[in-house]
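Let me begin by presenting the structure, written as C-alpha cells, before commenting on it.
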2 protein chains.
Amino acid sequence: MRDLTRDDIEALAIGAAIFGTGGGGDPYIDTLRCLEMIDGGARIPLIELAELEDEACVYSVGGVGAPGVSIEKLEQGEENLRALHAVEREVGRRADCLIAGEIGGANALGPIITAAQAGIGLVDGDGMGRAFPEMQMTTFSIYGQSSVPAAIADDKGNVVVFRNVVDELTFERLTRACVVEMGGTAGSVTAPMTGRYVKRVAVPATVSRAISLGRIVLEANLRHEDPVPLICRAERGTHLLDGKIVDLQRSFRGGFAVGEIVIEGSGVHKGDRARILFQNEFLLFSRNDAPEVTVPDLIVVVDIDSGHAIATESLRFGQRVAVLSLPCDPLLRSPEALAVVGPAAFRLAGVEYRPTV
Amino acid sequence: MRDLTRDDIEALAIGAAIFGTGGGGDPYIDTLRCLEMIDGGARIPLIELAELEDEACVYSVGGVGAPGVSIEKLEQGEENLRALHAVEREVGRRADCLIAGEIGGANALGPIITAAQAGIGLVDGDGMGRAFPEMQMTTFSIYGQSSVPAAIADDKGNVVVFRNVVDELTFERLTRACVVEMGGTAGSVTAPMTGRYVKRVAVPATVSRAISLGRIVLEANLRHEDPVPLICRAERGTHLLDGKIVDLQRSFRGGFAVGEIVIEGSGVHKGDRARILFQNEFLLFSRNDAPEVTVPDLIVVVDIDSGHAIATESLRFGQRVAVLSLPCDPLLRSPEALAVVGPAAFRLAGVEYRPTV
C-alpha cells in the first residue's frame with residue numbers, strides 16, 4: 001500500500017487513456033481535480049489486491065454515458081460520491097475501499113476523487129483492464145456478482161436507485177434510459193463486493209500498470225523517442241498500422257457515441273485501408289475489409305508523434321495516427337466473458353474473436 | 001367508512017372509464033381481480049376524506065405507461081404492491097391507507113387491489129378527478145408535495161427507486177424512460193403524504209362519484225334509456241356532439257399513445273366536423289377547426305347507444321359515438337394547476353383554457 005502522488009496522477013491520465021481504447025472519457029478535468037486534491041493534502045492509498053482483506057466491503061465506481069458529452073457538460077464533482085452514499089444507505093454498509101469499474105480514461109481518475117472524498121483507499125485493479133460501454137461488461141458482473149442494488153447520480157442532484165433487476169442486461173437498459181434523460185452522463189456505483197471476490201475476479205494491478213505506461217510515454221516524449229514500440233513492449237502489444245484518418249462518422253445514439261473511422265496507411269503500411277468501428281470504445285479493426293482485431297482485445301489509436309491516445313470523441317479528419325492492439329486480460333477471454341464482451345455481444349455479425357497474442 | 005362491494009366494483013369500472021377521458025387503462029382485468037378478491041373475502045374500506053386522520057400516512061398509487069400496452073402485456077398483479085414496499089422501505093414508514101393517483105380507467109381499480117393486498121383502506125378521492133398522462137399532473141404534486149422518494153415496479157420483478165429529483169418534470173422524464181424500457185407499463189407509488197395534506201388537495205369523493213356514475217349508466221341500460229343526458233346531469237356535463245369516427249391516427253411515441261380522431265356529426269350535429277387530440281387522454285376538442293373544450297376539463301367519448309366510455313386505445317374507424325365534456329374540479333383551475341395540466345402544458349399552441357361550466 002502506498003499513497004498516490006502528483007507524478008502518479010499525471011502518468012495515470014496518459015496510461016489510462018491508452019487502456020481506454022478510445023473511451024472512458026477525457027481525463028483532463030479529473031486529472032486537474034486529483035492534482036488539486038493531492039496539493040490540498042488528500043491522501044489516497046493504493047491498495048494491492050494481495051493486501052485486500054477478504055471481508056472488506058468494496059464498491060465499484062465509475063462514470064456512465066457517452067464520453068463526448070462530458071467535454072461540454074462538466075461534472076458537478078460529487079456524482080460518484082452521491083451514488084456511493086445511495087448504495088451504502090441501500091445495503092446498510094459503508095465502503096472500506098473503492099475499485100474502478102473500468103481503468104479507461106476519466107474512469108481511472110474519477111474513483112480516485114471519490115475515494116479521497118470518502119476518505120478511503122482505492123484498489124489497484126479494475127473490472128475490465130480497459131474501458132467498455134455497457135454496465136454489465138465488467139468481470140465483477142461476468143463472474144456472478146449482481147450489479148444491484150446500484151445507484152446513479154447526475155450533476156443536478158437527481159439520484160436513481162436500481163433496487164431489483166431481473167438480469168444484468170436489464171440493469172444496463174434501465175441505467176442507460178435514465179442517463180440519457182440526465183443529459184448523457186452520470187456517476188454510478190454498483191453493489192458491494194467482498195475483498196475475497198475482488199481478489200478473484202478483478203483485473204489485477206491496472207492502476208499501477210497504467211501509471212507505468214504513462215511514464216513510458218512521458219519519458220519517450222522527453223527523449224524525443226518514438227513511444228509506440230515502447231508501449232507495445234510494455235503491454236505485449238502489436239503495432240498494427242500508421243496512417244491518416246480519411247473518413248469519420250460519429251453520432252450520439254441510444255446514449256452512446258457510435259461510428260467508424262477509415263485510415264489510409266502510410267510508410268510501410270502504404271496501400272492499406274483500415275476501418276475501425278466504435279461504440280464509445282473501439283470495437284473492431286479491419287484491414288482491407290478483413291477483420292483483424294476485435295473486442296475484448298484493446299484497439300488503441302495514438303497520435304503518431306506523441307504516442308498519446310486519441311479518444312473516439314477527439315478523432316478528426318486528417319489526423320496522423322498509429323494503431324496498436326494490446327491483449328486483454330485472460331479474465332476476458334473465457335467463454336462466459338466472451339458472451340458479454342466479445343464480438344457477438346456488440347452485434348458484430350460474422351466476426352470471430354481471435355486473440356491477438 | 002364502508003367496505004366496497006361487488007356492485008360498487010362493477011359500477012366503478014364504468015364510471016372510472018368515463019372519468020378516464022380516454023385514458024387510465026382498460027379496467028377489465030382489474031375489475032375481474034377486484035371481484036375475485038371480494039368473493040374471496042377481502043375487505044377494502046373506503047375512507048371518506050372527512051374521516052381521514054391528520055397524521056395518517058397516505059401513499060398515492062397508480063399504473064404508469066401507455067394504456068394500450070396493458071391490453072396485450074398483462075400485469076403480473078403485484079407491481080403496485082412492490083412499488084409500495086419499495087417506498088415504504090425508503091422512507092421507513094408503513095402506509096396507513098392508499099389513495100389513487102388518478103380515478104380514470106384501470107387506475108381507479110388498481111389501488112383497490114393494492115389496498116386489499118396490503119390489508120389497508122382506500123381514500124375516497126384521487127389526485128386528478130380524471131386521468132392525465134404524466135406523473136407531475138396530480139393535485140398532490142401541483143400543490144407542493146414532492147413525488148419522491150417514489151418507486152416503479154414492473155411485471156418481471158424490476159424495481160427502480162427515485163430517491164432525489166430536482167423537480168417534478170425530471171421525475172416524469174426519468175420515470176417515463178424507465179417505463180419504456182420496462183415494456184411500456186409499470187406500477188408506481190409516490191412519496192407519502194399526511195392525511196391533513198390529502199384532505200386539503202385531493203379531489204374529493206371521486207371513488208363514490210365514479211360508482212354513482214356507473215350505476216346511472218347501468219340502470220339506464222336496463223331501462224333502455226339514453227344514458228348521455230343522465231351522465232351530463234349527474235356531473236354537470238355538456239353533450240357536445242353525436243357522430244361517427246371518420247379518421248383515426250394513433251401511435252406509441254415516447255411511452256405514450258398519441259394521436260387524433262375526426263368525427264363527422266350526425267342528427268342535430270349534421271355538418272359539424274370535430275377533431276379530438278389525445279396523449280393517452282383526450283386533450284382538445286375542436287369543432288369546425290375552432291377549439292371548444294381543452295384540458296383540464298374532461299372530454300369523454302362514449303358509445304352512442306350504451307353510454308360506455310371508449311378509451312383512446314379502443315377507438316375504431318366507423319364507431320358511432322357521443323362526445324361529452326365534464327367540468328374538472330376547481331382544484332385544477334387555479335393558475336398553478338393550469339401551468340401543469342392546462343393546454344400550454346400539453347404544447348397546444350394558441351389554445352386558451354376556457355372553463356366549460
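Chain letters run A, B, ... following the sequence lines, proteins first and then strands; every chain starts at 1.
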Check your understanding: Of the options V160(B), V159(B), N158(B), which is the one that meets R163(A) in a side-chain contact (heavy atoms from CB on, under 4.5 Å)?
Key -> V159(B)
**Study point:** Nearest-0.5 Å distance that lies between atom CG in D154(B) and atom OG1 in T170(A)
**Key:** 8.0 Å
Practice item. Report, as yes or no, whether the 6.0 Å neighbourhood of atom OH on Y28(B) holds more than 12 heavy atoms from other residues, nucleotides or ligands. Key: no
Point to revise | Neighbour count above 12 (heavy atom, 6.0 Å) for Q76(B) CD | key: yes
Review point. What closest approach, in Å, do A177(B) and C178(A) show between heavy atoms, and which atom pair accounts for it?
Key: CB-N, 4.5 Å
Check your understanding: Measuring from K156(A):NZ to N164(B):CG, what's the distance to the nearest 0.5 Å?
Key -> 14.0 Å
Practice item. Among the options M182(B), R82(B), R89(B), pick out the one with the most heavy-atom pairs lying under 4.5 Å from chain A. Key: R89(B)
